[in-house]
*Asks:* 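Below is a structure I'd like to ask you about.
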Amino acid sequence: NFNTYYGGSSGINAEYGDSFCTNTRFRSMAQLCLLTLAVLAAFFALPSHAQAPEARSKFFPLGTDGTLECTWNDVENPEDIQLVKWTFKGRRLREGKRFSYSREGNSHRLHIKNVVKKDKGTYYCSPKVRTDQVLGDGQLVVSVDKARLPTPPAARNLQLSEGGTGSINCNYAEAKERYGLKHFWTYNGEKLMSEDMVHEGSSAMYRAYTDEEGRDWLALSKLDPEASGNYKCNYKYPDKQIFSMQFNINVAELQGPEDVVRNVTVNEDRYTETLSCDLSGLAEAGISSFRWEKDGELVTNDTDERIILRENGYTKMLEIDDLNAEDHSGVYRCIAELPYYPVALRFNLVVEESRKERDFAPWSVWSSCDKAGKKYRFRTCTADGCSDYYGFVYEVETAACDE
């Protein structure tokens, strides 16, 4: 009967055990009874088991720093976990140049510096506890490869104006911080350096900075058409891959106002004509230079001895003496160069040939020579309106007497 009951059940109830141990027919087996009860007591008093950390897979890009974590949530007092032994490929990982430990509550971490391909594999975290609680080992499977870069966004096209400012930015803060990315800006494939100039052929300036939210900015100022081009916001991964966001910037040249036009018609008989322009209204705009042009060619005091350039403060004058229809007719421009475009006053000057041969009577004969050795002749205007047109009616010509 004993063999039948005991062998047939692993869960002997108390009633059967009591009757078995007090049965007078088996008093000689008292020691066996006591041993059986001790086994049963030990069976029900085994230490409780806390759930082991869930097995997980982790991916680390080459060259980055990785962190593995094991957490035992069933442990009431985190101090009960004395230490955690980390092993990889049968070897215990001790703290040093590449590996370090940290803990926070029931979570224990292994930090791996500068992950390489040989770090690929299965890692185990084995806890040692102060109590009789039994904790399971954690298992983490690590894969290592080049970083998985996202698909870059389409290039943005921006239209800016000469002399103005503009800013571009890219938000890659999370990846930048997580993987320790190095950020830099490029213009047409060339890295922007610290000189603050976009490039040698442009006067445009730049300033690169990162705001409080981790966005990277490029602020552009003093823009000119030469600053147009392809700008890239680049992030270099430890495995030397580069993620870029592109901006195509076009800086439109500022177009100055159309010339202010004045049509001027004079006759050779006027002898002298003065073209004048007042630039005082442009003083605050910042006049960098000034010049006169005739038919697109620069005019100076050496251009024609009959042309004299004068000025009085912001008033610029071009005076023509001994007017000649063929030599002096043309387009004259008074040009003031402002910071981003020129402003001009244009004179369309027409010099008509002399009318005197038609309006005046023939010359008189020369007079006798006077004591100063001069001789004279006269003629009179016979056309209507001579006084208004010429300002005189009689004309006198003087010449030196022959020796």
*Asks:* Inspect the surroundings of OH in Tyr340 and state if more than 12 heavy atoms from other residues, nucleotides or ligands are less than 6.0 Å away.
*Replies:*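 Correct, the count exceeds 12.
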*Asks:* Establish, from distance only, whether the side-chain atoms of Trp185 and Asn234 form a donor-acceptor pair under 3.5 Å.
*Replies:*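 Not at all, the side chains of Trp185 and Asn234 share no donor-acceptor pair under 3.5 Å.
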*Asks:* Okay, side chain of Ser329, backbone of Val351: is any donor-acceptor separation there less than 3.5 Å?
*Replies:*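 Yes, the answer is positive, given that a donor and an acceptor are paired below the 3.5 Å cut-off.
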*Asks:* Between Tyr179 and Tyr237, how do the two ring planes meet: parallel, tilted or perpendicular, split at 30° and 60°?
*Replies:*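 The arrangement is tilted - the two ring planes meet at 30° to 60°.
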*Asks:* Would you mind checking if Lys356 and Glu395 are paired as a salt bridge, meaning a charged N to carboxylate O distance below 4.0 Å?
*Replies:*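 A salt bridge links Glu395 with Lys356.
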*Asks:* Ignoring hydrogens and geometry, is there a side-chain-to-backbone donor-acceptor pair from Ser288 to Pro339 under 3.5 Å?
*Replies:*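 A pair under 3.5 Å: no.
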*Asks:* Less than 4.5 Å apart, any side-chain heavy atom of Leu349 and any of Val266?
*Replies:*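 A side-chain contact under 4.5 Å exists here.
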*Asks:* Of the non-hydrogen atoms in Leu62 and Lys146, which two are nearest, and what is the gap between them?
*Replies:*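 It is CD1-N, 4.1 Å.
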*Asks:* Check Gln82 against Val129 and note the closest heavy-atom contact, atom names and distance.
*Replies:*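 Taking every non-hydrogen atom into account, OE1-O, 3.7 Å.
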*Asks:* Could you walk me through whether Arg346 and Val331 pass the side-chain contact (heavy atoms from CB on, under 4.5 Å) check?
*Replies:* CA-CA 7 Å; Arg346 185 173 72 200; Val331 177; 3.4 Å; yes
*Asks:* Are Phe99 and His111, when compared by the centres of their aromatic rings, separated by less than 6.0 Å?
*Replies:*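 No, ring centres 6.0 Å or more apart.
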*Asks:* Taking everything shown except Arg92 itself, do over 12 heavy atoms lie less than 6.0 Å from its CZ?
*Replies:*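 Count over threshold, so yes.
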*Asks:* Can you find a pair of side-chain heavy atoms, one from Thr398 and one from Lys375, that are under 4.5 Å apart?
*Replies:*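 A side-chain contact is absent here, since even the closest heavy-atom pair is not under 4.5 Å.
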*Asks:* Between the main-chain N or O of Glu253 and the side-chain N or O of Glu162, is there a donor-acceptor pair closer than 3.5 Å?
*Replies:*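 Checked: no pair found.
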*Asks:* Above 12 or not: heavy atoms from other molecules or residues under 6.0 Å from CZ of Arg270?
*Replies:*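 Atom CZ in Arg270 is not crowded, with 12 or fewer foreign heavy atoms closer than 6.0 Å.
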*Asks:* Locate the shortest heavy-atom distance separating Thr300 from Leu309; write the atom from each residue and the value.
*Replies:*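 Heavy atoms only, the tightest pair is CA-CD1, 3.8 Å.
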*Asks:* Is the closest side-chain heavy-atom distance between Pro238 and Leu181 below 4.5 Å?
*Replies:*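 The answer is yes; the side chains approach within 4.5 Å.
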*Asks:* For the side chain of Glu268 and the backbone of Ala325, is there at least one donor-acceptor N/O pair under 3.5 Å apart?
*Replies:*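 Checked: pair present.
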*Asks:* Find out whether Leu218 and Leu192 are in side-chain contact, i.e. whether some heavy atom of one side chain is under 4.5 Å from a heavy atom of the other.
*Replies:*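 A side-chain contact under 4.5 Å exists here.
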*Asks:* Taking Asp370 for the side chain and Lys374 for the main chain, is one N or O donor matched with an acceptor at less than 3.5 Å?
*Replies:*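 Checked: pair present.
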*Asks:* Any carboxylate oxygen within less than 4.0 angstrom of a Lys/Arg side-chain nitrogen, looking at Arg306 and Asp327?
*Replies:*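 The answer is yes: the pair qualifies as a salt bridge.
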*Asks:* Run the salt bridge (Lys or Arg N to Asp or Glu O under 4.0 Å) check on Asp216 and Lys176 step by step: do they pass?
*Replies:* CA-CA 10 Å; Asp216 294 297; Lys176 181 181 177 183; 3.0 Å; yes
*Asks:* Can the positive tip of Arg148 be found less than 6.0 Å from the middle of the six-membered ring of Phe59, inside 45° of the ring normal?
*Replies:*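 Pair Arg148/Phe59 counts as cation-pi.
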*Asks:* Quick one: sort the Phe360 and Phe392 rings into parallel, tilted or perpendicular, breaks at 30° and 60°.
*Replies:*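 Plane angle between 30° and 60°, so tilted.
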*Asks:* Could you walk me through whether Glu326 and Asn324 pass the side-chain hydrogen bond (donor to acceptor under 3.5 Å, both in side chains) check?
*Replies:* CA-CA 6 Å; Glu326 183 177 354; Asn324 181 276; over 6 Å; no
*Asks:* For the side chain to side chain donor-acceptor pair (under 3.5 Å) test, which of Asn267, Asp359, Asp384 pairs with Tyr389?
*Replies:*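 When Asn267, Asp359, Asp384 are each tested with Tyr389, the side chain to side chain donor-acceptor pair (under 3.5 Å) holds only for Asn267.
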*Asks:* Within the 4.5 Å heavy-atom criterion, are Trp86 and Leu68 side-chain neighbours or not?
*Replies:*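 Touching, per the 4.5 Å side-chain cut-off.
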*Asks:* If every non-hydrogen atom of Phe243 is compared with every non-hydrogen atom of Thr151, which pair is closest and at what distance?
*Replies:*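 That would be CE1-C, 4.2 Å.
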*Asks:* Any side-chain heavy-atom pair from Ile168 and Tyr231 closer than 4.5 angstrom?
*Replies:*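 The answer is yes, as the side chains (C-beta and beyond) meet within the 4.5 Å cut-off.
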*Asks:* For the residue pair His183 and Tyr235, does the interplanar ring angle fall in the parallel (under 30°), tilted (30 to 60°) or perpendicular (over 60°) class?
*Replies:*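 Aromatic pair His183/Tyr235 classed tilted.
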*Asks:* Verify, without hydrogens or angle tests, whether Glu273 (side chain) and Glu319 (backbone) share a donor-acceptor contact under 3.5 angstrom.
*Replies:*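 No; judged by distance alone, with no hydrogens or angles, the pair does not exist.
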*Asks:* Check whether the side chains of Asn188 and Asn230 place a donor and an acceptor atom closer than 3.5 Å, and report yes or no.
*Replies:*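 Their side chains do not contain a donor-acceptor pair, so the 3.5 Å distance test is not met.
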*Asks:* Considering all heavy atoms of both residues, which atom of Tyr123 and which atom of Ile112 are nearest to each other, and what is their separation?
*Replies:*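 Answer, listing the atom of Tyr123 first, then Ile112: OH-CD1, 4.0 Å.
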*Asks:* Side-chain contact, heavy-atom cut-off 4.5 Å: Ile242 with Lys236?
*Replies:*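 Side-chain contact under 4.5 Å: yes.
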*Asks:* Under a 3.5 Å distance rule, please check whether Gln246 uses its side chain to pair with a backbone N or O of Ala154 as donor and acceptor.
*Replies:*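 Side chain of Gln246 to backbone of Ala154: no pair is present.
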*Asks:* Quick check on Glu190: does its CD atom have over 12 non-hydrogen neighbours (other residues, nucleotides or ligands) under 6.0 Å away?
*Replies:*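 Atom CD in Glu190 is not packed in, count stays at 12 or less.
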*Asks:* Please confirm whether the backbone N or O of Arg355 pairs with a side-chain atom of Asp269, one donor and one acceptor, at under 3.5 Å?
*Replies:*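 Checking the backbone N and O of Arg355 against the side chain of Asp269, a donor-acceptor pair under 3.5 Å is found.
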*Asks:* Restricting to non-hydrogen atoms, name the atom on Glu69 and the atom on Ser107 that form the minimum distance, rounded to 0.1 Å.
*Replies:*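 Result for this residue pair: OE2-OG, 3.9 Å.
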*Asks:* Check the angle between the aromatic planes of Trp72 and His108 and answer parallel, tilted or perpendicular using the 30° and 60° thresholds.
*Replies:*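 It falls in the perpendicular class, over 60°.
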*Asks:* CD of Glu95: more than 12 outside heavy atoms within 6.0 angstrom?
*Replies:*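 Counting neighbours around CD of Glu95, more than 12 heavy atoms of other residues, nucleotides or ligands fall under 6.0 Å, so yes.
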*Asks:* Using only heavy-atom distances, determine whether the side chains of Asn106 and Thr71 contain a donor-acceptor pair under 3.5 Å.
*Replies:*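 Judged by distance alone, the side chains do not pair up.
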